[in-house]
Protein chains: 2
Amino acid sequence: IIRMEAVNKVYDLGSVRVEALKDITFFIEEGEHVAIMGPSGSGKTTLLNLLGCLDRPTSGRYFIENTEVSTLSDDALSAIRGRRLGFIFQAYNLIPQLTVVENIGIPLFYQGEAERTIREKSAEMARLVGLGDRLSHRPTQLSGGQQQRVAIARALVNNPAVILADEPTGNLDSTTGREIMNLLVELNHQGKTLIIVTHDASIAQYAHRILRMLDARLYEN
Amino acid sequence: IIRMEAVNKVYDLGSVRVEALKDITFFIEEGEHVAIMGPSGSGKTTLLNLLGCLDRPTSGRYFIENTEVSTLSDDALSAIRGRRLGFIFQAYNLIPQLTVVENIGIPLFYQGEAERTIREKSAEMARLVGLGDRLSHRPTQLSGGQQQRVAIARALVNNPAVILADEPTGNLDSTTGREIMNLLVELNHQGKTLIIVTHDASIAQYAHRILRMLDARLYEN
Ligand SMILES: Nc1ncnc2c1ncn2[C@@H]1O[C@H](COP(=O)(O)OP(=O)(O)OP(=O)(O)O)[C@@H](O)[C@H]1O
Ligand SMILES: Nc1ncnc2c1ncn2[C@@H]1O[C@H](COP(=O)(O)OP(=O)(O)OP(=O)(O)O)[C@@H](O)[C@H]1O
Ligand SMILES: [Mg+2]
Ligand SMILES: [Mg+2]
């Protein structure tokens, strides 16, 4: 379902130039559960952002279902992101002015779903991650791990085909982290492709396959 | 050095009322290294914010070196925070417009130190946490774990007597996490009091004593 060929990513902002991805070539099958591990700064978030169509390679080619992503317009990319992908950000990216339920419902809002459907699906998703008694709170009224769970619920509410998770359990205790992994593994068993960036070996071991990043390069065991 | 007696904290904002801390009584000796563990939402950050004088109890008494904190003016509290405390925030709270070096130097800037001293001490602190080649980057040009390390460096740059750390290794790989813990343990051996909130048992085991939070209450083994 996903394929990269000789992908490079350079951040070049004049004063700053960083080669964040070097010669990345790999593929992921539909329905696979893959973990990506590696030291801080090795390029994991940069890779996940490219996979999630949030950014483009500096060179090389990236295919989703055999369509080269670089040939797609911004609108087409946006449609793929909205319907097929669910993204859990390392920094959550919650909207401070919106409640838990409203934050979770954002992907459905962009899909033009009915308001009542959005509210019901979002509340159900909130309960699924243990936030049923926090529906009206705003992000600043939540603990770190509760904010992380809002980000997780938002990524799943539109029933995406591919779930990309950047350190999804970093602020969760081990019990809550296990509950979240059981939820993600269940979704994988239903056929969703799962790509999880994690520092935690106990989280990576749920995966079918572990890829490792080191200094902007990707290695398969 | 630190003592709490029957401390309660209630968040009451009309539509929302949460009893975040219930009847908290405990003390920490000077130079101790204490870990605080507990499930997501149990009150750890709330407790640490009170310990760090960033917030006040709803009821009960909090003493720093036998002075009751509630009797102090906001200015006096601010002085304690600036000179005696170093705080590593769960969400980092970095200033987006400032570089790594400028972010780290903020506590020294508020203490009125000379600009050149600030720059030298901040650069040295950056190198100590492995960011020597990222001095001019801004937070959005850093990985998650690099941002976390800027927050750590900032908390240590003014040589505080008490270090309060909220999930200081949540976005770090195990090797970098160990390096940070070795740094903190070294500072503890030099006499600094260390209070670390963590979900990670492998981080908590560095401590002399582990306190546990559950549903807003504190338990000692
Ligand atoms: N400003 C606020 N208004 C209302 N409730 C709040 C506010 N801040 C925190 N809470 C609630 O207080 C409780 C304790 O929050 P706290 O941030 O201390 O938890 P925590 O133990 O640090 O959790 P985590 O491990 O997820 O970071 C949570 O249930 C949270 O929803
Ligand atoms: N906008 C940017 N401009 C310049 N350099 C950047 C930018 N964003 C990231 N970098 C650099 O690119 C490298 C890779 O960053 P990335 O966020 O992918 O790392 P990571 O593996 O996710 O790290 P972590 O585990 O700490 O989250 C880092 O060294 C970082 O400093
Ligand atoms: Mg990252
Ligand atoms: Mg917390």
Side-chain angles (χ1 to χ4, degrees), chain A residues 11-18 20 37-46 48 89-92 94 99-100 129-131 133-149 166-167 169-177 179-180 197-202 204 212-214, chain B residues 11-18 20 37-46 48 89-92 94 99-100 129-131 133-149 166-167 169-177 179-180 197-202 204 212-214:
Chain A
Y11 292 113
D12 196 342
L13 301 146
S15 57
V16 164
R17 179 194 163 90
V18 175
M37 298 192 76
S40 175
S42 55
K44 304 179 297 298
T45 293
T46 304
L48 211 65
F89 295 92
Q90 189 169 8
Y92 316 155
L94 303 183
T99 64
V100 165
V129 298
L131 296 177
D133 58 353
R134 292 282 182 273
L135 299 182
S136 315
H137 283 230
R138 286 179 172 72
T140 50
Q141 298 168 333
L142 297 175
S143 78
Q146 290 167 344
Q147 293 175 11
Q148 185 157 41
R149 283 180 271 161
D166 201 345
E167 310 283 359
T169 61
N171 271 306
L172 301 176
D173 54 279
S174 48
T175 302
T176 313
E179 290 166 4
I180 292 300
V197 164
T198 182
H199 287 304
D200 192 334
S202 70
R212 294 180 189 275
M213 291 211 63
L214 187 62
Chain B
Y11 292 113
D12 195 342
L13 302 145
S15 57
V16 163
R17 179 194 162 88
V18 175
M37 297 192 76
S40 174
S42 55
K44 305 180 297 298
T45 293
T46 304
L48 212 66
F89 295 92
Q90 190 170 7
Y92 317 153
L94 304 183
T99 64
V100 165
V129 297
L131 295 177
D133 58 352
R134 292 282 181 275
L135 300 181
S136 316
H137 283 232
R138 287 180 171 72
T140 50
Q141 296 168 334
L142 298 174
S143 78
Q146 290 166 345
Q147 291 174 13
Q148 184 156 42
R149 283 180 273 161
D166 201 345
E167 311 282 357
T169 61
N171 271 306
L172 302 175
D173 54 276
S174 49
T175 302
T176 311
E179 289 166 5
I180 292 300
V197 165
T198 183
H199 287 306
D200 193 334
S202 70
R212 293 181 189 274
M213 291 212 64
L214 187 63

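Below, chains carry the letters A, B, ... as their sequence lines are ordered, and counting in each starts from 1.
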Trainee: Measure the shortest side-chain to side-chain distance between B:V18 and A:H137 over non-hydrogen atoms and say whether it is less than 4.5 angstrom.
Mentor: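 Yes. Closest side-chain heavy atoms under 4.5 Å.
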
Trainee: Counting only non-hydrogen atoms closer than 4.5 Å, does B:Q146 touch chain A with its backbone (N, CA, C, O), its side chain (CB onward), both, or neither?
Mentor: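 The answer is both parts of B:Q146.
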
Trainee: Show the nearest heavy-atom pair for residues A:P139 and A:L94, with the distance to one decimal.
Mentor: CG-CB, 3.9 Å

Trainee: Name the member of A:A201, A:G38, A:G41 that forms the most heavy-atom pairs with chain B at distances under 4.5 Å.
Mentor: A:G41

Trainee: Select one option (side chain, backbone, both, neither) describing which atoms of B:S143 are under 4.5 Å from chain A's heavy atoms.
Mentor: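 Only the side chain of B:S143 comes within 4.5 Å of chain A.
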
Trainee: What part of B:Q147 is in contact with chain A, defined as an atom under 4.5 angstrom from a non-hydrogen atom: side chain, backbone, both or neither?
Mentor: neither

Trainee: Would you indicate whether the side-chain heavy atoms of A:T45 and A:E167 approach each other to under 4.5 Å?
Mentor: no

Trainee: Are any non-hydrogen side-chain atoms of A:T99 and A:L135 less than 4.5 angstrom apart?
Mentor: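 The answer is no; the side chains never approach within 4.5 Å.
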
Trainee: So for B:L142, is it side chain, backbone, both, or neither that comes closer than 4.5 Å to the heavy atoms of chain A?
Mentor: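 Contact with chain A: none, neither part.
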
Trainee: Do A:Q148 and B:S40 have side chains that approach each other closer than 4.5 Å (heavy atoms only, starting at C-beta)?
Mentor: no

Trainee: Under a 4.5 Å heavy-atom cutoff, which of A:D133, A:V16, A:D173 has the most pairs with chain B?
Mentor: A:D173

